[in-house]
Structures are given as structure tokens and as C-alpha cells.
Colleague: 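Pasting in a structure now, in C-alpha cells, and then I'll have a few things to ask.
Because the structure is predicted, anything quoted here is derived from the model rather than measured. In what follows, residues are counted from 1 in the order of the sequence shown.
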Amino acid sequence: MPTLSILVPAYNEARTIAFLLDKVMEAPLSFSVQKEIIVINDGSTDNTKAVVDEYATTFAQRADAGTLNLKLIVHHKTVNEGKGAAIHTGIGLSTGDYLIVQDGDLELDPREIDSLLKPIMEGFADVVLGSRFAGGKVHKVMNSWHTRGNKLMTQASNLLSGISVTDMHCCYKLFKSDILKGITLKEKRFGFDPEVTVKLSKIPNVRIYEVPISYYGRTRAEGKKVGWKDAVRAMWCVVKYNFFSR
């Protein structure tokens, strides 16, 4: 049975992480695929570590009782290095045939992972990108400048890289693992998304698909961590990885 590695980078997500992991474990898949859930606690300063450890203990008890058919890996980083660095760690720990990133908050619905998996399992795609802007799914109304900034950076990336995606910064990106592990990744923070999108565009004959996803966005007051400095860095990544770096 093939395995889907679900990477869950988390920084100060004590309030949501246990509920999120429940949703990931319970999310149905239409295909015979085993889940491998990898939680990377990125040096959290709140109670995330304790919550995750307690969850792992309960999980181990259920697994020993034979009530679970999946795998949970927990890794605690002692220093906060950023989402990208946490993803790099998760990639190194993963053993799955396929790989997806799931943020530790509740902005995205794990039940929709199945929609991203479908084009790969049916033989059409090597990479499937989720899109909050493709339409057809529930979408929280957010700050207009945040949305416009996302779309502007996505359009700039499309113009330079020659592919056409609608939501470069969406967390949901599902890969055949050998595709992602064949890419040298450098960005340690939120530059992961523009970097990997640009570098995917450089792979000959790679088949990239998009599917619409729901978006339950949160504000900075609710815990969202992306700021204007990350937006500037993301735009620099679009330029850097198209012209100056591999």
C-alpha cells in the first residue's frame, strides 16, 4: 500500500494542534493509501510541545490496541527556524510515496486532501496545487490588500516562470515524493512556497494540476504569522529563483 506523508509544521499552535491532528487522522481517502503524519514543532514558546507529546502518548496507546492504521512521527526543534526549515526537516523524516504540507492551524480542511490526491492516483499529475482563488469552495472574506498581494505575487511568478497557477502561496501542495526530494530547497521561512513553485516550473515534463480548496483564514490577532517582511521576501524569491539561483 502506498503511503502519504503529511507534514505538519507548527509554531505556537497549542490552541489548535490537537484538534487539527484529529481532523487529519479522520480525513477519509478514496484510495488505498496509508497516512504517515509528521509533526514538526518549530521551537514553539507556548504549550505546543506538551500538547503534541500528550497527543503522541494517546496515539501510541491506541496504536498498540490495534485501533489505528497509520503512523505518527513527532520532532521537536529546540530553536524556531521558520516554516520552510520545519518542512525541510519533515521531508527528511518522511518515507511516503507522496507528500503534502498541512499547517498546524485550522485554515485548511484536511478532508480536502483527498481532492488533491485524486489527480496523482489516477495517473494525471506529478504535483497538485491547492487554490483558494480557483472558485467553487467556501472562502472567508479577508483583507483586500492581503488578497491582492497574493494574486500580484502569483501573477509575477507566472510571468517569469512561464507556468500559470492561481495561488502560489497556498499551503496545500501535494507531490510525488521523488519530485520534491529532487529539489534543493533553501528558504527557511515563508519563502518556501514561491521557491518550490518556481523550481517546479524548471523541471522538464513535470505535470502540475490545481484543485480548488476551502479557506478558513485567520487574522494576525487570531494567530496568523505572515507579515509584510515575508511578502517582500516572497517577491525577492520569485526574482531570485527565476534568474539568480537554482
Colleague: Lys199 and Thr184: which non-hydrogen atoms are nearest, and at how many Å?
Modeller: NZ-O, 2.6 Å
Colleague: With sequence neighbours left out, write down each residue that passes side chain to side chain contact (heavy atoms under 4.5 Å, CB included) with Lys118, or none if nothing qualifies.
Modeller: Phe31, Glu122
Colleague: Can you see whether Glu13 engages Ser44 through a side-chain donor-acceptor pair at a distance of less than 3.5 angstrom?
Modeller: no
Colleague: Can you list everything that forms a side chain to side chain donor-acceptor pair (under 3.5 Å) with Ser115? Sequence neighbours excluded, please.
Modeller: none
Colleague: Considering residues at least two apart in sequence or located in another chain, which fulfil the salt bridge (charged side-chain N to carboxylate O under 4.0 Å, His left out) criterion with Glu210?
Modeller: none
Colleague: Taking only residues at least two apart or on different chains, which pairs with a member in residues 17-27 satisfy side chain to side chain donor-acceptor pair (under 3.5 Å)?
Modeller: Asp22-Tyr55
Colleague: Excluding sequence neighbours, so at least two apart, what forms salt bridge (charged side-chain N to carboxylate O under 4.0 Å, His left out) with Lys35?
Modeller: none
Colleague: What verdict does the salt bridge (Lys or Arg N to Asp or Glu O under 4.0 Å) test give for Arg233 and Glu187, after you've listed the backbone C-alpha separation in whole Å, the side-chain angles of each residue and the deciding distance to 0.1 Å?
Modeller: CA-CA 10 Å; Arg233 179 68 188 184; Glu187 293 298 314; 2.8 Å; yes
Colleague: Considering residues at least two apart in sequence or located in another chain, which fulfil the side chain to side chain donor-acceptor pair (under 3.5 Å) criterion with Tyr172?
Modeller: Gln102
Colleague: Hey, is NZ on Lys77 packed in by over 12 heavy atoms from elsewhere, all under 6.0 Å?
Modeller: yes
Colleague: Could you list the residues that satisfy side chain to side chain contact (heavy atoms under 4.5 Å, CB included) with Lys181, not counting sequence neighbours?
Modeller: Ile91, Ser94
Colleague: Write out all pairs satisfying salt bridge (Lys or Arg N to Asp or Glu O under 4.0 Å) with one or both partners inside residues 37-47, taking only residues at least two apart or from two chains.
Modeller: none
Colleague: Under a plain distance cut-off of 3.5 Å, with no hydrogens placed, do His169 and Asp193 share a side-chain donor-acceptor pair?
Modeller: no
Colleague: Quick one: list whatever passes side chain to side chain donor-acceptor pair (under 3.5 Å) with Asp126, sequence neighbours left out.
Modeller: Lys176, Arg207
Colleague: Listed by chain and number, what are the side chain to side chain contact (heavy atoms under 4.5 Å, CB included) partners of Thr45, not counting sequence neighbours?
Modeller: Tyr11, Asn12
Colleague: Assess the residue pair Leu70 and Phe59 against the criterion (side-chain contact (heavy atoms from CB on, under 4.5 Å)); give the C-alpha distance rounded to whole Å, side-chain angles, the decisive distance to 0.1 Å, and a yes or no.
Modeller: CA-CA 10 Å; Leu70 45 79; Phe59 173 88; 3.0 Å; yes
Colleague: Going by the rule side chain to side chain contact (heavy atoms under 4.5 Å, CB included), which residues pair with Thr3 if we only count those two or more places apart in sequence or in a different chain?
Modeller: Gln34, Glu36, Asp97
Colleague: Any salt bridge linking Asp105 with Arg15? Criterion: basic side-chain nitrogen under 4.0 Å from a carboxylate oxygen.
Modeller: no
Colleague: Considering residues at least two apart in sequence or located in another chain, which fulfil the salt bridge (charged side-chain N to carboxylate O under 4.0 Å, His left out) criterion with Asp178?
Modeller: none
